[in-house]
Participant: 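Quick one: this structure, given as structure tokens, is what I'll be asking you about.
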Amino acid sequence: MAGHRIAHATLKGPSVMKELVIGFALGLAAGGLWKMHHWNEQRKVRSFYDMLEKGEISVIAAEE
């Protein structure tokens with residue numbers, strides 16, 4: 001029993017390159033989602049003004 005060893009995980013410091021790559025990937029993903037959100041909002045606004053110009057919709061409430 002005296003000769004048995006238990007394998008323990010050795011703790012290492014942070015890997016700078018790994019941290020940079022993970023941060024870069026997360027930043028690109030978040031930026032892409034934010035940009036897609038803005039493109040979607042821009043498309044909605046553009047279609048609203050196109051419909052308003054064509055007379056398909058009105059911003060004045062119709063009287064009944």
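Worth saying up front: this structure is predicted, and the values here are computed from it rather than measured.
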Participant: Ignoring hydrogens and angles, write down the donor-acceptor pairs under 3.5 Å from the side chains of residues 42-52, residues two or more places apart or on other chains.
Facilitator:
from : atom 1 : to  : atom 2 : distance (Å)
R43  : NH2    : N40 : OD1    : 2.5
K44  : NZ     : E41 : OE2    : 3.4
S47  : OG     : R43 : O      : 3.3
S47  : OG     : K44 : O      : 2.9

Participant: Which pairs of donor and acceptor atoms, one on a side chain in residues 18-37, lie under 3.5 Å apart (sequence neighbours left out)?
Facilitator:
from : atom 1 : to  : atom 2 : distance (Å)
W34  : NE1    : H38 : NE2    : 3.1

Participant: What residues form a ring pair (Phe, Tyr, Trp, His ring centres under 6.0 Å) with W39, not counting sequence neighbours?
Facilitator: none
